[in-house]
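Report on one structure; see the data block that follows.
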Amino acid sequence: MSDLLANLNTEQHQAVTLPPQHALILAGAGSGKTRVLTTRIAWLISSGQCDPAGILAVTFTNKAAKEMLARLSAMLPISTRGMWIGTFHGLCNRLLRAHHRDAGLPQLFQILDSADQLAAIKRLLKTFNVDDEKFPPRELQHFINAQKEAGLRPDAVEAWDDYTRRRVELYREYETQCQRESVVDFAELLLRTYELLERNEPVRRHYQRRFRHILVDEFQDTNRLQYRWLKLLAAGDAASGTPGACLFCVGDDDQSIYRFRGAEVGNMRDFEREFQVANVIRLEQNYRSHGNILDAANAIIRHNSGRLGKNLWTEQGAGEPIRVFEAFGDSDEARWIVEEVQQLVREGALRSDIALLYRSNAQSRVLEHALFSAGIPYRVYGGLRFFERQEIKHALAYLRLIANADDDTAFARVVNFPTRGIGARSLEALQEAARTYNTSLYATVPHLAGKPGTVLAQFVRLIEDLRRDTARLPLPELVDHVLDSSGLRAHYKAEKEGRERLENLDELIAAAANFVAESQADAGALGADHALLADFLAHASLEAGEHQADQGMDAVQLMTVHAAKGLEFDAVFLSGLEEGLFPHENAILEAEGLEEERRLMYVAVTRARQRLYLSFAQSRMLHGQTRYNLRSRFLEEIPEPLTRWITPPKPRGSAATGFGGYYEPPRGAFSSRPAAPPAPVPPRKNTGGLQVGQLVSHARFGKGVIIAAEGSGADARVQINFGDAGIKWLLLGVAKLEPCN
DNA sequence: GTTATACTTTGGGCA
DNA sequence: AAAGTATAAC
């Protein structure tokens with residue numbers, strides 16, 4: 001046990017060995033948070049204070065849960081099996097499956113991911129002939145999720161205006177639809193579980209009695225409902241003399257980056273107040289990053305207001321300067337990154353210790369292309385994730401229909417895929433009938449007469465045959481059989497671009513085999529036919545698949561900043577540091593949004609151990625359009641002495657920007673997309689040496705970027721994005737424009 | 001009525 | 001760029 005506590009600093013030691021009371025650990029980036037959490041669990045168990053079955057540990061990502069389990073089994077001589085470790089959603093799924101009857105759900109309920117949910121809402125709007133211009137599906141989705149996260153069922157929502165009243169009605173209909181189809185969305189997983197525990201005393205008491213220590217990772221990212229869920233589980237029960245559980249919450253308000261999905265940083269303060277937390281421990285010593293990187297992170301986050309306050313420090317030296325690179329275009333940026341990566345590898349770095357981070361998934365393509373051309377192995381996390389690909393979703397839809405024929409979302413997805421002559425019209429008729437009979441689409445088919453009825457009946461027979469033929473098959477063979485009999489394989493075989501999709505379908509079989517292998521221990525306990533299938537489907541929804549190529553290979557890591565939270569790398573490249581991209585344009589206008597972007601930047605910077613590379617491009621292809629962005633304000637927030645600018649090779653004829661040094665930032669400017677598609681650049685002599693993408697200054701409007709140019713001679717004019725001052729067309733002969741360095 | 005094709009619109013991060 | 005929508009062709 002003394003081994004366990006060796007090498008912990010004073011604060012870490014204190015946190016790990018706290019008496020059984022509520023505790024809040026404010027853990028800065030790289031301060032050994034995961035270590036404290038796992039060591040705490042190991043210490044509780046090995047000191048005999050708690051049985052493994054008394055531990056409940058909640059994380060936010062499956063990755064984090066897995067890592068915690070791995071570390072624990074390395075630390076403890078005993079099995080980790082009795083512990084409950086998982087994500088909120090994963091644990092709720094487990095509870096609901098175990099108590100499905102009490103929760104009012106069939107055992108084989110399905111889980112909708114956000115895309116499924118959106119599709120279900122669109123279908124709902126269609127059935128009720130709702131104008132989707134007035135009620136945009138995405139907005140309605142957000143509304144419904146927000147209500148659920150506030151713990152509100154339709155009856156409890158207060159609606160003061162007609163618009164909201166209508167949305168509440170649609171919320172109610174959505175619930176009915178989900179219940180009828182036996183599907184549950186992410187927010188519902190949480191709310192259902194919460195209600196189950198709240199209303200069902202025996203069940204609640206059972207878990208309250210069982211869990212003695214509840215440990216929460218990334219507490220700053222919990223939403224209101226998750227917090228209430230924790231409160232309920234941790235509460236004692238005076239009547240039966242059950243003492244409450246100890247809540248051990250670890251978080252960092254500066255790393256709260258999930259406000260968009262309802263995370264409530266205020267939970268940290270509420271927790272401290274409501275539980276009268278006497279033990280608040282700050283972990284401020286950083287073991288990860290060199291001084292320059294840490295100073296940069298501290299300087300950036302200082303621009304935010306209302307922080308709980310923390311200052312990271314390190315015993316390590318300043319280390320290397322932060323390298324900053326300005327590229328002309330996104331592909332130049334990618335090329336430069338690849339060259340630097342190659343250099344690092346030549347110097348002996350492991351590829352897997354190098355991460356390429358970006359704000360949004362769309363940015364990964366250019367990087368992937370450059371890496372691929374250079375023959376560097378890489379691995380992309382997130383993005384179009386495995387279980388979200390269309391061919392996989394189609395295959396899963398067939399599997400879902402086998403497990404649960406009432407799943408209308410799955411039905412609608414594949415009833416005419418591959419095409420079998422069931423178009424929009426037939427489907428509409430079926431939906432109409434389904435409403436009158438109040439049955440699922442599948443169950444309605446026998447009621448339908450006429451030609452469409454025949455074709456539909458054939459589809460139903462196909463599903464029924466599948467269900468019968470696969471009942472005794474092992475999961476991978478079941479999937480294989482479905483791929484063939486559904487015609488999916490044949491369809492993609494015939495398609496020109498279908499090869500990759502076919503490979504992915506084969507991957508699905510592999511994923512099924514993998515799933516069986518991993519859950520083998522539990523498999524014997526499942527009695528019902530296709531129960532393992534239902535488990536696999538839940539797995540597919542909850543864990544959309546870290547399923548990139550060769551697992552074991554030493555590969556460069558590509559991911560969004562969100563996905564990088566909790567991870568660390570020797571070298572980190574953060575690309576696309578441009579206004580509109582990072583900070584993202586949708587977040588720029590609201591103060592709250594901007595602060596969240598800044599926290600995201602803080603997270604990104606603190607991922608790096610030794611080297612940090614920051615880059616941006618003057619022009620970038622995004623959504624099929626070339627955009628010209630100003631550099632990110634976050635770059636300006638890093639003190640100059642910490643950085644070293646790297647000069648890009650100068651293309652012929654262009655005025656240099658950012659040459660060799662640090663230049664005065666265009667304060668307060670923000671970018672926007674060009675009002676008109678950029679015109680072809682006129683001959684250079686007409687623009688007086690100016691170029692699209694260049695930074696210029698104007699006496700009245702200040703600094704801006706040229707986003708388009710047209711005309712020639714006396715008519716030559718350029719369109720300039722002046723940020724705050726707006727976008728203007730200026731005649732070159734009239735306006736005095738100064739190239740800006 | 002269904003399917004193939006041209007055109008228009010949209011657009012973030014995640015369990 | 002990809003998904004969604006209107007229109008023409010089967």
Side-chain angles (χ1 to χ4, degrees), chain A residues 58-65 86-93 111-119 122 126 132-133 136-138 142 145 148-149 184-190 218 221-223 225-226 256-263 357-366 381-385 387-390 415-429 450-452 455 497 538-546 559-566 576 580-588 593 596-597 599-601 603-604 621-627 672-673:
Chain A
V58 196
T59 63
F60 263 79
T61 62
N62 294 299
K63 217 189 276 172
T87 63
F88 275 106
H89 295 88
L91 295 166
C92 286
N93 178 47
I111 298 167
L112 300 183
D113 65 22
S114 25
D116 293 332
Q117 187 189 26
L118 189 62
K122 284 180 181 166
K126 211 162 235 170
D132 56 6
E133 301 247 296
R138 292 192 83 100
H142 190 263
N145 289 339
K148 290 191 181 185
E149 271 154 25
V184 166
D185 60 46
F186 284 144
E188 185 72 25
L189 275 175
L190 284 158
E218 311 280 12
D221 282 329
T222 49
N223 65 32
L225 186 56
Q226 287 162 337
S256 158
I257 55 175
Y258 285 107
R259 204 179 61 101
F260 74 91
R261 64 166 210 218
L357 308 184
Y358 34 83
R359 173 63 179 82
S360 55
N361 280 308
Q363 289 165 251
S364 75
R365 277 194 96 90
V366 211
Y381 290 85
L384 225 199
R385 292 140 91 216
F387 287 112
E388 288 169 0
R389 289 168 193 272
Q390 85 152 325
V415 67
N416 198 32
F417 194 97
T419 50
R420 39 176 80 88
I422 302 163
R425 209 55 206 247
S426 312
L427 209 59
E428 228 167 78
K451 206 171 80 201
V455 206
E497 316 271 323
H539 163 83
S541 299
L542 289 170
E543 200 172 336
E546 258 100 72
M559 65 193 85
T560 63
V561 181
H562 280 93
K565 192 165 79 151
L581 215 66
F582 198 179
H584 193 274
E585 56 191 343
N586 296 358
I588 278 177
E596 176 140 315
E597 294 290 305
R599 291 193 291 269
L600 200 52
M601 179 72 184
V603 169
M621 198 59 174
L622 203 65
H623 308 311
Q625 262 190 327
T626 310
R627 297 167 43 138
S672 66
R673 77 182 57 198

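Naming convention: chains lettered A, B, ... in sequence-line order (proteins, then strands); numbering from 1 in each chain.
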Pairwise N/O distances under 3.5 Å, protein to nucleotides 5-10 of chain C:
none

Handout entry: Ring centroids of F260(A) and dG12(B) base under 5.5 Å with planes under 30°
Key =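 So F260(A) does not count as stacking on the base.
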State which residues pass side-chain contact (heavy atoms from CB on, under 4.5 Å) with [X]; sequence neighbours excluded, sorted by chain then number.
{"X": "S114(A)", "answer": "Q141(A)"}
{"X": "N586(A)", "answer": "H584(A)"}
{"X": "N93(A)", "answer": "R97(A), F109(A), I111(A), L189(A), A538(A), L542(A)"}

Handout entry: Spacing of CZ belonging to F60(A) relative to CD belonging to Q226(A), to within rounding of 0.5 Å
Key =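 Rounded to the nearest 0.5 Å, the CZ-CD separation comes to 4.5 Å.
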Base, sugar-phosphate, or nothing for [X], non-hydrogen atoms under 4.0 angstrom?
{"X": "K122(A)", "value": "sugar-phosphate"}
{"X": "R425(A)", "value": "sugar-phosphate"}
{"X": "Q363(A)", "value": "nothing"}

Problem - With sequence neighbours excluded, residues passing salt bridge (charged side-chain N to carboxylate O under 4.0 Å, His left out) with R261(A) - result: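 Applying salt bridge (charged side-chain N to carboxylate O under 4.0 Å, His left out) to R261(A) gives none.
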Exercise for the section: Kindly indicate whether the side chain of E585(A) and the base of dG11(B) share any N or O donor-acceptor pair separated by less than 3.5 Å? Expected result: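 No, the side chain and the base share no sub-3.5 Å donor-acceptor pair.
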Practice task
Report yes if a donor N or O on one partner sits less than 3.5 Å from an acceptor N or O on the other, where the partners are the side chain of R261(A) and the base of dG13(B); otherwise report no.
Solution key: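 Absent.
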Handout entry: Closest to side chain of N62(A), choosing from dG13(B), dG11(B), dA15(B)
Key =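 Per side-chain heavy atoms of N62(A), the pick is dA15(B).
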Handout entry: Side chain of T87(A) - closest among dA15(B), dC14(B), dG12(B)
Key =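 Among the listed nucleotides, the one closest to the side chain of T87(A) is dA15(B).
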Practice task
Give a yes/no on whether any side-chain N or O of S114(A) is located under 4.0 angstrom from OP1 or OP2 of dA15(B).
Solution key: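 It does not, given that no N or O in the side chain of S114(A) lies less than 4.0 Å from OP1 or OP2 of dA15(B).
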Exercise for the section: Ignoring backbone atoms, test whether N361(A) places a side-chain nitrogen or oxygen under 4.0 Å from the OP1 or OP2 oxygen of dC14(B). Expected result: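 Affirmative; the distance criterion is met.
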Give me the distances for all protein-to-nucleotides 3-5 of chain B N/O pairs that come in under 3.5 Å?
| unit_1 | atom_1 | unit_2 | atom_2 | d |
| --- | --- | --- | --- | --- |
| dT3(B) | OP1 | G421(A) | N | 2.9 |
| dT3(B) | OP2 | N416(A) | ND2 | 2.9 |

Practice task
Tell me which of F186(A) and A587(A) sits closer to the 5' end of DNA chain B, going by the nucleotide each one is nearest to.
Solution key: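 Final value for this comparison: A587(A).
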